[in-house]
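Inspection log for the structure reproduced underneath, given as structure tokens.
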Amino acid sequence: TNTCSQTTNLGIRGAMLFSVGVFLALVLNLLQVQRNVTLFPPDVISSIFSSAWWVPPCCGTASAIIGLLYPCIDSRLGEPHKFKREWSSVMRCVAVFVGINHASAKVDFANNVQLSLTLAALSIGLWWTFDRSRSGFGLGVSIALLATLATQLLVYNGVFHYQGLQYTSPDFLYIRSWLPCIFFAGVITMGNIGRQLALYEYKFIQEKTHQD
Amino acid sequence: MTLREQLREKISAAFYRHGLLCASYPVPIILFTSASILTCCYPLLRLPLPGTGPVEFTTGVRDYSVPSHEPQGDLGERPDWYRGPPVAYIQQVLVKAAVSPWDSSLVTVDVFRSPLSRAFSLLEEIRNHVHSDSSGIRSLETLCLQVTGLFPGLRRMQSVLPEHGCLLVSPGNYWQNQRELFDSDPDLLKTIQKHEPKGLHTSATLRDLLFGVPGKYTGVSHYNRKRVVTYTITLVLSSYDARFLGSLRARLKQLHPSANCSLRDDHMVHVHFKEEIGIAELIPLVTTYIILFAYIYFSTRKIDMVKSKWGLALAAVVTVLSSLLMSVGLCTLFGLTPTLNGGEIFPYLVVVIGLENVLVLTKSVVSTPVDLEVKLRIAQGLSNESWSIMKNMATELCIILIGYFTLVPAIQEFCLFAVVGLVSDFFLQMFFFTTVLSIDIRRMELADLNRRLPAEAGLPPPKPGPLRPREVPPPPRPSPHTITLQTPAFRNLRLPKRLRVVYFLARTRLAQRIIMVGTVIWIGILVYTDPAGIRTYLAAQVSEQSPLGDPGGGGLPPHLGVAPVFRGGDPTSTLSIHPAPDPTPLPENQSQGHHGSARAGPLPQAPPAVPQITWGAEDEEGWRRLSFRHWPSLFSYYNITLAKRYISILPVIPVTVHVSPQEAIETRHPQDTRHPPPPIPKVSADLQTDLTLYKVAALGLAAGVLLVLLLFCLYRVLCPRNYGQNGVAHGRRRRGDLPCDDYGYSPPVSEISPLLLRGHSMDIECLASDGMLLASCCLAGQIRVWDAQTERHNIDFVGGATEPECLGSEARGPSVSGDGLSEEEDSYPLRHRTAPARPTLFTDQPDLTPLIDTNFTSQPPSHLSTPPREGFDFGGLVERAYIEHEPPSNSTYPSPSSASSSPPSGATADWESSVWAMELRGNLIAAGRSSGKLELWDAVEGSLRCSNEDGVSGITALAFLNNRIVAARLNGSLDFFTVEINKPLCLLQYRGAPGRGSMPPSPCYSSEDVISCQLTRSVQCAHQKPITVLRAAAGRVVTGSQDHTVRIYRLEDSCCLFTLQGHSGGITAIYIDQTMVLASGGQDGAICLWDVLTGSRVSHVYGHRGDVTSLVCTTSCVISSGLDDLICIWDRSTGIKLYSIQQEVGCGASLGVISESLLVTGGQGCVSFWDLNFGDLLQTVYLGQSSDGQGVRQLLVLDNAAIVCDFGSELSLVYVPSVLEKLD
């Protein structure tokens, strides 16, 4: 029964992380939509789902994997994450992540290098403020690079059409300068949420083993 | 000392001084802070209020010129958006048309069919209008806004809105601007309705767009009482040409003169539209705000241990908000106008500034020692956290500084705001929040003080005097010595949450007040929005009363329902045209005249039949009555956004059209006459009134339903099902900290008054009861027996028995039996009196005086000289005593010395050893001594009936069931004794064979019986280590030992049935009852439930850190207490912990269950009653005034719902009358 309940817990956690990921993907996509559309179109709801249908589920899956991976790696490395383990801190982290997205969507930067640098600084700041673990940083960087690579491949192969349109060149550059940092910040955020969720389960298991 | 440490020390000292300052002068500092907040926020007054509504600016028409792009500083009143050309100029032609005079032969469709048909000719006129002068020929085509196609996705609009060419909108668009289609349309209203959106109407419908006036003012309906049709033809021009428009205006006026029309035409209005916030923008915004609130919630949840949690949370939020306002204000003051959208960046600012410092401060201050002065606590708390606060602040400033060097204007601006916000937040934290915190903590201390005073004042002065009760005559039942229930308001009573909510609602009359306020607001809104035409009515009343008003004109019915639309304004400015003026000769360029304008003579009909076309002030700017999204939505259909841009609306051109009845009949469609005649106007007015009433009623109903739903939600939120989880929180409450006095409701008073039983000189060691009698044994070896069973719960001291070995002096050993005897002598007459006559004698005597005291030191020393004789005459004396009233038995009464195995030796030998275990059955007390001796005493008479010295190891536990006594010894062996009663004459029936198990549970041994106690079986090495617990019930004996095992024996044949293994520590607690429920608890903190029949383990849970000290089961749950001061309640069938109650440190481990739902626990000088179902503390009863030091160690629940507990040398009997009712 112990393993059964553990898998159930894992499932619940994964589902929560998945839904958070989907929600954030939709909202952040909407922020990007705003950048490109001057006029508020009459049927807005459809614009929420303007990108390909499989993008939000992918984001959700990815966030679930990341959110489960972080506590797992923590326990493997044997250094449980102790830094700022509170829901208020997690909320703060999510807010900063949305803020970074907001800034990248709303603020007009002079050039893409500036955008990249700013976002990179913000992302590192996010990591420093809410994570500060080497494993978190390493995982974040590697996942961000992988994800960027995958996206680029998809785009080159023409699978992924941003908003149903082909990329125009500046748009493409904009996206490319924007992606890695956002991915990194997203990984840190989801890892933070995942760790906080795992903390509950950890407590639960502790209690359980004590009982047995 | 490094620089860092020096700095740290300095900061700490500075914070300390600051804390002292804040706590010393709270009021001036708060005033100062408020003043500075207001000062800093003052510049905000100059900022425009945020909002998305359009802004207007009016200029004259004559000297109008397109504003330049460059900002012009000197034009102060000119808004800064008024730059450059507008998106478009709007020219509306307002048409009012009516069939005049009205003919009774006309049908309702005629009211609007022919007036609408005039739109086509007017359109033609406008389209074909050409103005030519020196600068060239201009037509509408050259000036109007050319559109190039509808926004994709508006297929349904395609047929009605112009797709290309001039943007010219009129009702004619419904019929593609073709008169033929209009004429052949059998049902105009249906065509109009066809394009209306189904369901909820949005603010700008197609009908509004095409008609240019709000739908209800058009008059296009079957119920048009005024028979005037109003619509506009809207021209959208891309450039302004005053001369062309002037000629058009003149031309239309000439064609359709509006006599007495005094509309002003010298002002044009520029309307600037803000950026619209659509759903696409709203969703991220809402998301950020949700995250923000979650952040604030999770942060403020951590505030604890303060007087008013919500107050402090509010102060924290106020701190953050006002620091933001201050930063915006300061930035504005220094000329930095915010260009960022405040609503968007606000959540991020709050997150950056954060609530952390506030919480850290609170926690730090709260964790300082409570006994310090408030000032010092604040100062200490501040200085403790000073370093981390400063460090965080510096880090944040650094991050923001880095952000500033990104050189992106938007980010720079954000950073600037954040820096100012951080600094002002720091300022507010240091001054405002710290002061509020100091006030709060002071309040808390005051409240504590107030609470304690009455509780102590209620206690009687402590009685001085030695402990020994002999010297102190017991008080003649002074009521207060039992007290301890405080005044009702300060009662420790835990109400269920839902009750507290109800009390709160009742006390504040919240619902009533909300309803009242809601009603007032609702009435206010009603008056303001005026749906029923109250204002019109009032205006009519006023005009009626004024001398200038036409008394005959007040034809308005006095009831509110009539809401004439065009008549209601200022009567002096409304002028009516009764007969239409003669049409002027048609000018040259009219391509399509209206023929036959000659009317068939004015019909001499009643004046109401003539529709009145009036022009009022409200027509001047009729577009104002439209939704403010009217123009944006019109333009958005052509993919033109008005956000942050403006349009200019030119003065309307009024057009009055009168259609003769003949023409109306001519333009009729054949099907028009088939429509039913309109209802009588009066009825329609009533209908309108009714409709309004219905609307109002529906609104009220909806409000009521909403309120109910809201309350229901409130209830659900505040009353979650997991009541037990709260037990932990309130279990920790200090004594005197009362939950319910905050609400001002005193709980129903139930009298629970403990009775104090004094007599023991040392701490009470053992306590036993069989329901009737209560036996207690103290460290001194005294056993006292009390009657626990009288109705009026007055205890009567029945007999003091034995043993004065309090000093343990060997020298007196031989004399002891003499002492015992002398006691018997003393008590003899009394016993004689009380035993038979006790009920009648004492029911009316509330006095609890111990009638006999057995302190041997007061005995005459003469007894010391004759120990042996007295000792041997013991039995004889007893016998003699009973001869008086029981003559038949005396002759055959054998000498105790001969009948029983060892009473004489037992009675005399062992006074040095102390009593380790005691049991009471019937009137026999079984006492196990440390020397290994088992003694049986008569509880009524106080005489030793027999003793057994077969064992030498100390008896650690005793069980007395039926006629068996089981003694557990220190060496781990278990001895089974049988109590045999030898009836001297066999006159009395033999009461049952020993070991049968069918005897009544409390056999009554008469004093003549010769009782002997035989060791039937001794199980050596029952356990490897000392037996710690022994319980017997249901024919089973269960032992627990330090060797981690539990054994079950059958009582009848002393056969060991099971050895239960499962604990990893010594057994400390066992519970078994008649239903064969067996639970055991050990030093490992584990609790095991066993099946007694099979010896298998049912469940195994870990509940305590440290020993399980006590275990009780009810039918549904297991209650355990541990050394960790936790009381856990487990579900018996599943072994799941339901909840736990955290008790005070050092609380007794004693537990008792009075009924299925009532748990009683012992505390420091008090017992607490808990509701088992909810884990709520019901009541705490304090046992005595000197109770603080002594914990309740043992607690015994008697059958009549009384509780006996010992604390120190005193016993307390708490009788719970209300519980009896619950038991039923």
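Chain A is the first sequence line, chain B the second, and so forth, proteins listed ahead of strands; every chain is numbered from 1.
- Here A:V27 is the residue among A:V27, A:V96, A:L24 with the most heavy-atom pairs under 4.5 Å with chain B.
- To the nearest 0.5 Å, atoms CD1 (B:I291) and CZ (A:F97) are separated by 9.5 Å.
- Rounding to the nearest 0.5 Å gives a distance of 11.5 Å between CZ of A:R92 and CG of B:L292.
- Between the OH atom in B:Y297 and the OG atom in A:S88 there is a gap of 12.0 Å [rounded to 0.5 Å].
- Remark: A:M16 CE is loosely packed, at most 12 non-hydrogen atoms of other residues, nucleotides or ligands lying under 6.0 Å away.
- Rounding to the nearest 0.5 angstrom, the gap separating the OG1 atom in B:T288 from the CG atom in A:N101 is 12.0 Å.
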Checklist entry - Passes side-chain contact (heavy atoms from CB on, under 4.5 Å), A:E86 versus B:F298? Steps please. => result CA-CA 8 Å; A:E86 285 160 345; B:F298 281 121; over 6 Å; no

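- For chain A, the nearby part of B:T287 is the side chain; its heavy atoms alone come within less than 4.5 Å.
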Next on the checklist: The test is side-chain contact (heavy atoms from CB on, under 4.5 Å); show your working for A:V98 and B:Y348 and say whether it passes.
Outcome noted: CA-CA 9 Å; A:V98 175; B:Y348 304 123; 3.4 Å; yes

